[in-house]
Structures are given as C-alpha cells and as structure tokens.
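Atoms within each ligand, like the ligands themselves, are counted from 1 in listed order.
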Amino acid sequence: MSEERKATLTVDGKSVDFPVMKGTHGNDVIDIRTLGGKTGYFTYDSGFLSTASCQSHITFIDGDKGELLYRGYPIEQLAEKCNFLDVAYLLRNGELPNAAQKADFEKTIRRHTLVHDQLTRFYNGFRRDAHPMAVIVGVAGALSAFYHQGMNYSLVEHRDVCFQRIIAKIPTIISLAYRYTTGLPFMYARNDLDYAANFMYMMFGVPCEEYKVNPVLSRALDIIFILHADHEQNASTSTVRLAGSSGANPFACVAAGISCLWGPAHGGANEACLRMLEEIGDVSRVGEYINRSKDKNDSFKLMGFGHRVYKNFDPRAKLMGKVCADVLAELGLENDRLFKLAQKLEKIALEDDYFIEKKLYPNVDFYSGIVQKALGIPTSMFTCIFALARTAGWLAQWEEMITDPEYKIGRPRQLYVGAARRNVPDISKR
Ligand code: ACO
C-alpha cells in the first residue's frame, strides 16, 4: 500500500501537516482546505499563480515541454486525425466516439442548429456597429430564457440535451451576429455540410446563389476550432466554473465565459495582434515596436506573445503557423504583407535577449488572426470564433464540476486592507 504523502508547514512555530495530492502529470498539490481551521490563516495567491482550483480529468498542459493533451491525447494528433465534433465529444465524454457514436452525434448536432425564431429578433435591439462579442454575450445569455423551465442538470439526459443544443446553436448565433452587422440576410444551416463548412456557409453564403465550400479552407477552420477547444483552468473557463458553481443556468454560464474571453489579455489577443501588425505596417518598423514592448514606461506589449503557462513554446502556435501557410498557399497569398511581417517579427523577437530571458514565445493568437483574415472573417469576429470553439471546453468543464461529489460553490477569501472599523459620522455636519 502506498504511503500517504504529507507536507508540513511551520506556522507560528507550530508544525501542521497537510495531505499531498498526486496528479497523473504535472505538479502535485498540497491540499490546504483545512489550513484556515487549523491555523487561522488563509493563503494569498492573487492571479492564481500557485493555486489548483479543482481536480480535472479533461486537459493537461506542460508549459515547459510545450505539450497540450485533451483527455490524454496530444493536440497534434487530434488536429491530424479528428474533426472538431470528435474533439467536443471527447472533451465531454472522456473518450473519442466510435463510428456509430460519431454518426449519431454529428446527426444530432446537425438537427439542433436552428434557434427559436423569436431569438432572431434579439439582434434588432443592437446597434448595427455593435462589437459582435457584445452581441453574442447577450444572445448566448438570452438562450437561458428559452431553455430554463423543466431543466434539471443533475440528470444526465438534461445535460446531454444542453450540450447538444449549445454546441449546435453557437455557430448559428455567431453567424447571425455577423450577418446583422453587415445587413446580409440571415442564413439557415445546411444539414448536408459538416460543422465547419456549415459555419462558413452561414457566414458567407447568400440566398441567391449556390455557395461552394472550399474543403482546404473549411478544414483549416475546423483545425482552428480544435486548437481552441479547451485549455484547462484559463480565465474564461474558471469564470464558467465559478458562475456555474452557484447552480446557474449553463447558457448563462457560457455567456459569462464569453464576457471574460473578450479581453485583450485572453481571447481578444488575436484581434489585437492583427491590429498591431496593421499598425506596424512594414518590416522596417519591427525593431521600433520590439523596443517599445521592452520599455517599462510604455504600456505596449507584443500581442500574440507570452503565456502564463507555456514557457517554451505554445504547441497550438506551431500548428497554427502550419495552417496559416496552407491557407495562404491555397489562396495564392504566400507573399501576403501581414504574413511576411508576422514571420519577421517572430524571428526578431525569438532572437532577442529580453524575449529569451522572459521566455516569451508566440501564442496561438499570433497566427490565428492572419488565417482568419485570409478566410474572409472580419477582425472584429476573431474572438467570436475562439468563443465558438471554447464553448465545447466550457461545457465539458462545467459538467465535470457539477457532477464532482466534492463540488462546492466557489467562494474565495481575501486579505482585507481597507479602512479599520469606524463609526458613521453625522453627514449633515460634514
Ligand atoms: N510583450 C512584451 N513583454 C511581455 C509580453 C509581451 N507580449 N508578455 C509578457 N511580457 C513581460 C511582462 O512585462 C513581464 O515583464 P517583467 O517581468 O519585467 O514585469 C514578464 O514578461 C512576465 O509577464 P506577465 O505579464 O507577468 O505574465 P502573465 O503570465 O501575467 O501574462 C499574458 C501572460 C497575459 C499572456 C501576457 O504575456 C500578455 O499580455 N501577452 C500579450 C497578450 C496575448 O497575446 N494574450 C493571449 C494569451 S493566449 C490566450 O489567451 C489564448
């Protein structure tokens, strides 16, 4: 029998033992849940630099090796051998589907792409120039109004339906946001197309002529979805878990995840990266911008560089660089100005001592903006594509949490540094 490991902390001269929990891979953790009761202290870890917020079976990242596993499978193999729906199924169920399960799941998703017609009227409440992320936060949240009564998420059948509905409808919601901003008519899904191809059709098709899907481009989009599907306890996933920990409606939790993802330090980075490349404009100005990013007195950062966990390389960025080259070759854009600029920027930054010392490497967002631009997706929609894909991970993580027997509402504590206790003065005399 293996001996239970313990970590001993000395607090105010007294030794206190805590169990050590071992994972499959990665850092072991010290279980400090009893720390407050045993010592009267809390831990302080703003930004969660050393805190495991949950136990999870879903995704593992080795930041030093540059490795990303979904349910144990390397991202490189999944991107080569699977489609996005296989990966969504895997994230939620723990195993890849067999042939019959795959056919059944794909058919179910195809059959759930329509949204309640009433939901399409929500778009009219938005300004035409509203940012599409603002629109999809609202519309995804509004889905909770359509699927709330009668749902009991302690039942697996209800969780099945919830997963199917949102995976099927999120491309529809996002494409409608795009159609609304451009004034194009809303397109209904085509059941003969696969998930990524259908999304392209709903985005770019028109009712008056046939839309021909380019398989190289739709496969590229499918790989983009796979690369963004989950990333363990990142900010938006933790947001979904925290929102869901109160028992909130899962559609509303996804809306919370979308809100968090929008920020430029997270999913908004691909949009910010492309805007940065446009601003740099020419290879001759790369040095100037690299110097700015190193200047402590300048808030400018190289967008698409750096990651909290990856300190060697981001494996998704490598795959994205390859997808980018394939798409540009298919479209005859190999000499695309921004692609050339991005390659030059990457090369110079990777040879620069500042970036080497701080272990700053291109992240997934560095090339994803260029690929999406080449696919015809407008810059303001980039983060919506990320949200579409990450919805699979959010829902898998949400379900893992609410079915965990140890699950509790998320409730961090704090170090209070505000005013000491005092009496309220008589305001009329102030
Ligand atoms: N350009 C220049 N310097 C940088 C960059 C960058 N992109 N990223 C980090 N640094 C510097 C920081 O200034 C800091 O320097 P210091 O040690 O002198 O203070 C050091 O590197 C460590 O960076 P932190 O910001 O402390 O690292 P953290 O883990 O908190 O942040 C983050 C990671 C948010 C991704 C950061 O690297 C960043 O803002 N990058 C640009 C935005 C981006 O690409 N985000 C996408 C992330 S991937 C994703 O969400 C899919």
J.: Grab the two heavy atoms, one from Val20 and one from Ala7, that are nearest each other, plus how far apart they are.
T.: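 The answer is CG2-N, 3.6 Å.
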J.: If you draw the axis of the six-membered ring of Phe163, does the NZ or CZ of Arg92 fall within 45° of it and under 6.0 Å from the ring centre?
T.: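 The answer is yes, since Arg92 meets both limits relative to Phe163.
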J.: So, Asp45 side chain and Ser50 main chain: donor-acceptor pair closer than 3.5 Å or not?
T.: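 Such a contact is found between Asp45 side chain and Ser50 backbone.
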J.: To check you understand the geometry: which heavy-atom pair defines the closest contact between Leu35 and Phe18, and what is its length?
T.: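 Looking at all heavy atoms of both residues, the closest pair is CD1-CZ, 3.4 Å.
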J.: Could you check whether any heavy atom of Phe386 sits closer than 4.0 Å to an atom of ligand 1, since that is the contact criterion I want to use?
T.: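 The answer is yes, since Phe386 has a heavy atom less than 4.0 Å from ligand 1.
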J.: Can you pull out the closest protein heavy atom to atom 49 (C) of ligand 1? Residue, atom name and distance to 0.1 Å, please.
T.: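 Result: Asp365 OD2, 3.7 Å.
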J.: Could you list which atoms of ligand 1 come closer than 4.0 Å to a heavy atom of Ala269?
T.: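 In order of numbering, the contacting atoms are 43 (C), 44 (O), 45 (N), 46 (C).
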J.: Taking non-hydrogen atoms only, is Tyr354 closer than 4.0 angstrom to ligand 1 via side chain, backbone, both or neither?
T.: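 Under 4.0 Å from ligand 1, Tyr354 contributes side-chain atoms alone.
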J.: Check each heavy atom of Asp314 against ligand 1 and say whether those closer than 4.0 Å belong to the side chain, the backbone, both or neither.
T.: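 No part of Asp314 comes within reach of ligand 1.
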J.: Please could you name the atoms of ligand 1 that Gly304 approaches to less than 4.0 Å, counting only its heavy atoms?
T.: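 That gives atoms 43 (C), 44 (O) of ligand 1.
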J.: Quiz question for you: does at least one protein heavy atom lie closer than 4.0 Å to atom 16 (P) of ligand 1?
T.: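 There is a protein heavy atom less than 4.0 Å from atom 16 (P) of ligand 1.
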J.: Given Leu302, Asn363, Thr383, Val364, which one has a non-hydrogen atom that is nearest to atom 47 (C) of ligand 1?
T.: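 Among Leu302, Asn363, Thr383, Val364, the closest heavy atom to atom 47 (C) of ligand 1 comes from Asn363.
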J.: Heavy-atom distances under 4.0 Å decide this one: backbone, side chain, both or neither, for Lys358 against ligand 1?
T.: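 The answer is the side chain of Lys358.
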J.: Looking just at side-chain N and O atoms, do Ser56 and Glu232 make a donor-acceptor pair shorter than 3.5 Å?
T.: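 No - no donor-acceptor pair under 3.5 Å links their side chains.
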J.: Tell me which part of Leu360 gets within contact of ligand 1: side chain, backbone, both or neither, using heavy atoms under 4.0 Å.
T.: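 Under 4.0 Å from ligand 1, Leu360 contributes side-chain atoms alone.
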J.: Inspect the contact between Lys102 and Glu106 and indicate whether a charged nitrogen and a carboxylate oxygen are less than 4.0 angstrom apart.
T.: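 Lys102 and Glu106: salt-bridged.
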J.: Taking the ring centre of each residue, are Phe186 and Tyr123 less than 6.0 Å apart?
T.: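 Judged by ring-centre distance (under 6.0 Å), Phe186 and Tyr123 do meet the cut-off.
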J.: Considering only heavy atoms, does His231 approach ligand 1 within less than 4.0 Å through its side chain, its backbone, both, or neither?
T.: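 His231 to ligand 1: no contact under 4.0 Å from either part.
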